[in-house]
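Input: a single structure, listed below in structure tokens.
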Amino acid sequence: MWKRWLSLMVIGFVALLGLFAYQAQTTSWQSSLLDTLPADANPYHRAYQSSQQPNEQQILLWLQVPAQDAEALREAVESGLLELAAGQPEITPNSQLALAPMLDFYRKYSGSFATPADRQQLRNAPQHLINAAQRKLQQPAPVLVDITADPLLLTQTYVEQLPDLMPGFSFDAPFYVREGANYELLVALTSGADALSQSESQQVVRKIEQFTNGLQQSFDTLELARSGLIFHASAAADQAKAEMTWFGGLSLVMVVLLFILIFRSLQHLLFTLLVITVAGLVGFSVVMLLFAEPHVLMLVFATTLIGLCIDYVFHASIAASHGASSWRAVVPALWLGGLTTIVGYALLIFLPLPLLQQLGVFMAAALLCVLVLVIYLTPRWRSWKAPAPGWQRLHQRIAQSYSFNQSALTPWLLVVLAVLLATALLYQHQSNDSVRQLASSPASLLEQEKLLRDKTQVYFDADVLLINGDNEARLNAAYAEIATLLPQWQQQGLISRWQSLFDYVLPPSQQQAVITAQHALWQQPEGQSYLQWLGIDTPQPDIAGLAEHPLYSLFVYPMAQEQPAADAATGYIGVVRLAGITDRVALINELQNYPAVELYNPLLQASSALGEHRQQLRIWLAGLLLIAAALLSWRLRRSAPWPQRAFISLQVIAVITIALSAALLVAMFTQALNVFHWVGAILVLVLGLDYGIFCASDVRREHALQAISLSALTTAIAFGALSFSATPAIAAFGSVVLVGVLVSALIAPCIKPSQTASGPG
Amino acid sequence: MKHWLLTGLMLAAILMSPRLAAEETKLEAFIAAQKLELPAQFTFTQERHLRGLPRPLSSAGRIEIFADQVIWVTEEPLEQSLIITRDGIVEHRGSEPQRGSEMIAQLLLAVLQGDIEVIQENFLDATTATDCITLVPLNRAIREFIESITSCGSPQLERIELQEQAGNSSTIRLSPITADAGQN
């Protein structure tokens, strides 16, 4: 019979593995924080976000040497660029900044573009423009435009006044240079390496580092800074790897040592690993079955399964090692603890946030699997070895000590302490949902970014104006209207800088006005005389289609391309990049008359998403506490009268409240609370619930304490190590789990035992 | 086989190196011969052939070449005075240089002043004629505008031709103003 079940289980496991492997291949995982937002998020935001995640890497290098080394540095960089371009992944100068396509565009549409000053002169004093053009034509400088379409050289003047792509630097393809006492060189590079591929990104960083290290060896006086998302991603990957090696490795060694010291065998460890593996596979398979695009952040939160799984295995195996009666006593507690936790996680499905829904499904499915496996397999596993005698004696003494010190007031003290700490938490509560907590770039990289920001003005803030339109014509009209307001807002001090499509082109209506005004001039005697001097007929300039401009795709995005789904919003979005917003509220007020325009900041949006998650988790935790109180009052120690059950339930809830409040208050010493603290609080709550249930159940107290202390120690070691992480978000999670679980384990035995389970037995 | 190929390449390199050196010497010699004693003054006539115009645009005037600047005075058809320095081309002293004119100005200064170092740093020698040197800008941004600058006349600088990428060209003919003529 047992063998038949085992065969069935092996077949089931293989089938599960197959299902998991198939789904893993077909599932695409989301990684953007905005993907964790509810599905009804603004489609324009989503389109903008999609447009900002090109599958390529942008890199900017800044190099500075004393002026006498300029030529040598230039030669060294040029030869280095050849090496960067060779081999895979290819790293080449950024062609978006090339001059030739821009010149071709303005040459093609000569006579259609004019500066505001020239447009005014064209209306009021055209003879000045004729004189200026004649003077320009006799200068020994190149003529960039088609003179037959633009005899007044209006478009040449327009081109000369275009904003620099790299302000302060002159273009010396493929570099931007600035000469003075020092020679500064800016190199804009791009790589086709997949941003999501860690290995390709690491290769790009290695190639760049080899290149810059070579330069530093050749030039003692070289100052160098680099900027690019890829460096931060690579640093984060290196740091995660180092943390995984040290924290993960050390905590794993300590947990294994603990298992061996206490159980003197690997039996428990192997069983735990088996249960976690199967439950993990079940959880992931169900998530991939129900969600088309699960989020990678769910994987991080899903690690809490380990702590719960260890807890159930210990309780079950220790009880089983003490004989059939102990096993029978633990089973109801296991079901109650497990099912309460499963119900709690299942409630997450009703929250409107996809990430938490996915977590709820994963944990509910995986925990159900854990519970079934533990309750079914534990009594059938070959005989369980009892914990070391010293461990048993220690917990016997601890149980006696708790029992000895307990009085009739103890439960009330627990309740009072819970109320006091919860009040202190509410009173002291500080939160910070900034998305920057997710980043943990090394200080040197941040300094280099800052240096590059100071040296160049190519960087804008994350703030943008998003303009939408049903079609291109409407979008361009709305965009052009907003573009005319930008100088005004700058004068009002609302913004310091901007970058807009209309810094580089004129709207078709203004182009038409320029052409019409010139045409009127050519009908006048002074215009005709000038054309005769040149020997040409009346010019016929063409109006430029905005989409033809080489920079158009940096400012306007078609919605349909970004959202191919059936419910995709149609139309276009335009982007104005902003820097130095001084008064956000005033700027939003200015935009109130323009319904098609919105001030948008993806970082603030992502931070607000995190804040939303935090709020939802708080509500969920409070709801789960209430449901747990109701369930425990109903099911815990069913033989006892209702008031006693309610009183025990109240103590369990008090233990959880004390642990949660203490952990969050301690965490606030180092940083304001964020969503990751509350994710840690989930684990504290469900483990505290289990500890409370086992202490309040019929399980012998010293047996319960053996499992609780072991569970708390392993969880605290494994997750507590994360509190030393350099990434604030991970450290937040780790610190809450560390303090919360230890406090739960210390306080739970204070729950006043029932008559049958009290004392050392 | 590989050894023979390698030896052949080395031989070719050895044989070609004096030739390269000789070409450099020729450029240096040409520029050295043209080199003016500064300050120098010239009258000039400029003919600009702009694509699409049926006839060239002509202008005339004088230029004064100093160690740090060139004064470019057009007298016909419109009076105009330009100052060409390393910072760019300006119409009046103290005014802002025309945007992007600094690179063109530096190259013109180098050719007019016969500055061999600047010329060798910034140009590729693409000479084909015997009495002229044709210089191609090394700077790729400048090459977007200027295809080549040709300086003719040896030992006396007589003509400068500017070939633009857009298909336009300018020919500037120079005649020295002697001290006597200048006084007259």
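The chains referred to below are lettered A, B, ... by the order of the sequence lines, with proteins before strands, and numbering in each begins at 1.
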Problem set entry | Over 12 foreign heavy atoms within 6.0 Å of CG, B/Asp68 | yes
For this session: Please check if atom CD in A/Gln524 has more than 12 non-hydrogen atoms from other residues, nucleotides or ligands closer than 6.0 Å.
Result: yes
Exercise. What are the two closest non-hydrogen atoms of B/Ile89 and A/Ala141, and how far apart are they?
Worked result: CD1-CB, 4.4 Å
Exercise. Can you tell me if CD on B/Glu79 sees more than 12 non-hydrogen neighbours from other groups inside 6.0 Å?
Worked result: no
Problem set entry | pair B/Leu50-A/Thr148: side-chain heavy atoms closer than 4.5 Å | no
Exercise. Side chains of A/Pro140 and B/Ile84: closer than 4.5 Å at any heavy-atom pair?
Worked result: yes
Exercise. Taking all atoms of both residues into account, what is the closest heavy-atom pair of B/Pro54 and A/Ile536, and its distance?
Worked result: CD-CG2, 4.4 Å
For this session: Tell me, yes or no, whether the heavy-atom count around A/Arg178 atom CZ, taken from other residues, nucleotides or ligands under 6.0 Å, exceeds 12.
Result: yes
Problem set entry | Which atom of B/Leu78 lies closest to which atom of A/Gln134, heavy atoms considered | CD1-CB, 3.3 Å
Exercise. Is A/Asp146 close to B/Arg51 at the side-chain level, that is, under 4.5 Å between some pair of heavy atoms?
Worked result: no
For this session: Sort A/Leu534 into side chain, backbone, both or neither according to what part of it lies under 4.5 angstrom from a heavy atom of chain B.
Result: both
Exercise. Side chain, backbone, both or neither: which part of B/Ile142 has a heavy atom under 4.5 Å from chain A?
Worked result: neither
Exercise. Is the number of heavy atoms from other residues, nucleotides or ligands under 6.0 Å of A/Gln68 CD greater than 12?
Worked result: yes
Exercise. Side chains of A/Gln139 and B/Glu91: does their closest heavy-atom pair fall under 4.5 Å?
Worked result: yes
Exercise. Is it the backbone or the side chain of B/Glu147 that comes under 4.5 Å from a heavy atom of chain A, or both, or neither?
Worked result: neither
For this session: Please tell me if the side chains of B/Pro77 and A/Gln138 come closer than 4.5 Å, counting only heavy atoms from C-beta onward.
Result: yes
For this session: Measure distances from B/Glu144 to the heavy atoms of chain A and classify the residue's part below 4.5 Å as side chain, backbone, both or neither.
Result: both
Problem set entry | Atom CD of A/Gln528 with >12 non-hydrogen neighbours under 6.0 angstrom | yes
Exercise. In this structure, which one of A/Leu144, A/Ile147, A/Val143 forms a side-chain contact (heavy atoms from CB on, under 4.5 Å) with B/Asn168?
Worked result: A/Val143
Exercise. Roughly how far, to the nearest 0.5 Å, is OG of B/Ser170 from CG of A/Leu137?
Worked result: 10.0 Å
